Engineer: 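Take this structure, written in structure tokens, and hold onto it; I'll ask about it next.
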Amino acid sequence: MENKKKPLSSVLGIGELEPDNTGSSQVNVGAGERILSVAGGVLLLSSGLRRQSLGGFLTVAIGGYLFYRGASGNCLVNSAIGRNTTDSTDTTKALIEITKSLTVNKPREEVYAYWRKLENLPRFMYHLKEVQQLDDKRSHWVAQLADNKLAGALGTVEWDAQIITEVENEQLVWKSVDDAKIDNAGEVRFMDAPNGQGTEVHAVIQYRPPAGQLGGAIMKLFNPAFEQMIKQDLRRFKQLMETGEIATIKGQPSGRESEQEISQKPSLKYADADQQHESGML
Amino acid sequence: MKAVCYNGIGDLRTERVPDPSIINPKDAIIRVILSSVCGSDLHLLNGYVPTMREGDIIGHEFMGEVVEIGSEVKQLRKGDRVVVCSILGCGECQYCKDTNWSLCDNSNPHAWIPEKAYGDSPAGILGYSHAFGGYAGSHADYIRVPFADRGCFVIPEGLSDEAAVFASDAMPTGFMAADLADIQPGNIVAIWGCGGVGQMAIQSAFLLGASRVIAIDREPERLRMAKEISGAEILDFSKVDIHEALRELTGGRGPDRCIDCVGMEAVSEGLDYYYDKAKQYVRLESDRPIVLREAIMACRKGGTISIVGVYGGLIDSVPMGAAMNKALTFRMGQQHGQRYIPRLLEHLQKGELNSSFLLTHKMSLDAGMKGYDLFNKKETMRVVFAPGL
């Protein structure tokens with residue numbers, strides 16, 4: 001990133017770790033080749049989609065792969081034969097960091113315990129669909145990037161993560177493992193706020209965009225929204241811890257709906273509109 | 001149900017919309033009996049508070065009857081007659097615990113919008129734009145109230161609906177204005193604006209020990225009420241130079257306490273009014289801080305300025321040099337209603353405060369736009385919608 005200011009993790013002195021660079025964030029196709037790949041892929045896709053035959057199907061399949069190869073900069077053939085047509089340095093530039101600190105007006109043990117039960121996270125992290133604890137240290141994460149074009153391109157995003165440092169009631173550090181679709185790492189610190197005001201939660205999350213440089217460009221487009229989403233997630237954590245519920249207007253009436261479409265429960269249609277409205281105002 | 005919906009700047013429509021339902025465990029559904037227009041609703045309607053969406057139900061000052069409660073509501077029962085604080089407080093965050101309810105951390109689901117503009121988010125407000133939560137408002141047959149145990153107050157027997165409705169917003173705002181002004185016995189207090197909040201600020205200032213209250217406005221009817229009902233001395237800014245008049249009336253010292261009950265859409269006669277209006281028109285300035293300037297200049301040295309008139313954004317040419325060199329104290333904020341409402345209901349019951357005179361026009365929801373037009377032109381003190389009509 002071109003931002004000349006220091007990442008906030010260096011201010012907090014926490015979370016100064018980098019996610020492993022594995023799998024899909026590996027770029028092994030050179031820039032020129034990638035542009036050709038994307039262009040060829042698009043051509044093949046569009047012509048293949050117009051033909052309804054086996055040949056058309058194959059064209060779509062090949063076009064789709066070329067598009068992926070160009071867009072991600074990751075060529076399965078290249079990695080199989082150990083060929084790399086790019087400068088290897090440009091993969092680290094794409095590291096994105098999100099920080100958020102907030103104070104939760106509850107005792108530290110309570111705040112930590114709720115967070116440490118990782119299955120709880122999707123209750124307030126709306127970008128997560130599910131977290132399963134596999135054993136004491138390892139967990140499986142499924143993300144849900146609702147109403148996001150990038151999510152459509154990626155399909156479901158799942159990864160395994162491992163806790164690498166844990167100090168009870170104080171600190172949790174984790175990293176994604178193996179071929180995570182989004183390589184990520186993070187750290188959360190829990191500290192007593194002064195004058196009995198509860199617990200300070202400091203979170204740093206770092207991730208590599210899923211598809212190398214071009215992916216990085218796409219990711220930058222979505223980054224304010226994604227960053228906003230993560231920050232909203234943490235705000236919801238505070239709401240849930242302090243009040244036991246999450247403030248929302250989803251499902252309330254407005255003049256945008258007619259009386260026929262009564263929404264007793266939060267309706268998806270309304271939720272979508274609200275989502276669009278929010279991202280439109282970012 | 002019927003509801004008055006925002007449809008664009010200066011355009012309200014009474015529409016049929018779905019009934020509200022319980023969404024969170026601490027919600028209650030209130031059948032609205034009376035719902036008043038408020039000066040700050042005009043800021044929404046006139047387009048000075050952005051993030052309104054077409055179809056939003058407006059209104060935030062109301063009383064009614066509890067008809068449904070969520071599983072975590074403990075203090076209320078179906079059938080309770082309640083007045084509801086317009087500003088939502090969760091009761092659990094540090095700000096609510098300190099009784100600074102309008103600074104609640106948890107009641108605004110769109111906290112990120114004001115956070116960008118203000119650095120922090122204040123509490124959610126019912127029917128008051130998406131920056132303040134996007135909650136559906138009270139100009140409707142029914143309304144959903146989150147954190148209902150904290151914001152709904154049972155109205156004592158014998159107190160009329162018409163008196164109690166203003167304990168939702170105008171009274172606590174006016175009372176807070178006087179409370180923040182830190183009035184000492186014998187103080188002379190100047191109050192700009194004789195609308196609902198101004199009238200309540202006048203009465204509250206006396207209740208808190210002011211010896212004299214000087215009220216400033218232009219509308220003859222409002223000035224008459226300020227004098228005859230609330231008991232203030234009055235100044236018409238269209239007829240006298242306010243600064244000179246305040247000096248003369250206070251032995252050359254200036255008022256000890258100055259209260260701004262006007263805010264961003266202030267009107268005046270002078271050059272600086274047209275300066276502000278022009279800048280606001282081209283969106284170079286979001287507010288017209290005429291009253292604020294006047295109050296700073298008029299206030300006695302070492303005095304206090306209390307601001308409850310709503311400001312939205314950035315203002316120009318505030319005489320900071322005067323404020324600093326005169327060692328003024330500034331206090332301000334959206335009302336912490338939950339802190340004041342129980343006490344205000346008692347004052348009403350004992351006859352120490354008088355609020356029902358504010359209700360000058362009662363209308364059905366169908367008259368939504370008409371009511372706001374009357375209010376916008378200041379041809380009425382308060383229009384109150386009665387969905388039952």
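Just so you know, these numbers use all the heavy atoms, side chains as well, and skip hydrogens, waters and symmetry mates. Chain A is the first sequence line, chain B the second, and so forth, proteins listed ahead of strands; every chain is numbered from 1. Every value quoted in this text rests on a predicted model; they were computed, and no experiment measured them.
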Engineer: Between B:N106 and A:A247 (side chain of the first, backbone of the second, donor and acceptor by atom type, cut-off under 3.5 Å), is there such a pair?
Structural biologist: no
Engineer: For the candidates B:D27, B:N7, B:N24, B:I57, which exhibits the highest count of non-hydrogen atom pairs separated by less than 4.5 Å from chain A?
Structural biologist: B:N24
Engineer: Evaluate whether atom OH of B:Y311 has more than 12 neighbouring non-hydrogen atoms of other residues, nucleotides or ligands under 6.0 angstrom away.
Structural biologist: yes
Engineer: Given 3.5 Å as the limit, does a donor-acceptor pair link the side chain of A:E245 with the main chain of B:I23, or not?
Structural biologist: no
Engineer: Any chance CG of B:L284 has more than 12 other-residue heavy atoms, nucleotides or ligands included, within less than 6.0 Å?
Structural biologist: yes
Engineer: Checking B:K26 side chain against A:T243 main chain: does a donor-acceptor pair fall under 3.5 Å?
Structural biologist: yes
Engineer: To check you understand the geometry: which heavy-atom pair defines the closest contact between A:G196 and B:Q94, and what is its length?
Structural biologist: O-OE1, 4.4 Å
Engineer: Can you tell which part of B:N108 gets under 4.5 Å to a heavy atom of chain A, answering side chain, backbone, both or neither?
Structural biologist: backbone
Engineer: Under 4.5 Å from any heavy atom of chain A, what part of B:A140 do you find: side chain, backbone, both or neither?
Structural biologist: neither
Engineer: Among B:G124, B:C5, B:C93, B:P146, single out the residue with the greatest number of heavy-atom pairs under 4.5 Å to chain A.
Structural biologist: B:C93
Engineer: Is any side-chain heavy atom of A:I249 less than 4.5 Å from a side-chain heavy atom of B:H130?
Structural biologist: yes
Engineer: Could you give the distance from CD (A:Q252) to OH (B:Y135), rounded to the nearest 0.5 Å?
Structural biologist: 8.5 Å
Engineer: What is the minimum heavy-atom distance between B:M1 and A:P253, and which atoms define it?
Structural biologist: CE-CG, 3.9 Å
Engineer: Tell me, side chain or backbone of A:I246 under 4.5 Å from chain B's heavy atoms, or both, or neither?
Structural biologist: backbone
Engineer: Of the backbone (N, CA, C, O) and the side chain (C-beta and beyond), which part of B:A136 lies under 4.5 Å from a heavy atom of chain A, both, or neither?
Structural biologist: both
Engineer: Among A:K238, A:Q197, A:M241, A:R235, which residue forms the greatest number of heavy-atom pairs with chain B at distances under 4.5 Å?
Structural biologist: A:R235
Engineer: Between B:E115 and A:K231, does any NZ, NE, NH1 or NH2 come within less than 4.0 Å of an OD or OE carboxylate oxygen?
Structural biologist: no
Engineer: Flag the pair B:D56 / A:R256 as yes when at least one side-chain heavy-atom distance between them is below 4.5 Å, and no otherwise.
Structural biologist: yes
Engineer: Considering only heavy atoms, which portion of B:E15 lies under 4.5 Å from any heavy atom of chain A: side chain, backbone, both, or neither?
Structural biologist: side chain
Engineer: Which value, rounded to the nearest 0.5 Å, describes the distance between B:E92 atom CD and A:Q239 atom CD?
Structural biologist: 12.5 Å
Engineer: Could you tell me which portion of B:P25 (side chain, backbone, both or neither) has an atom closer than 4.5 angstrom to a non-hydrogen atom of chain A?
Structural biologist: both
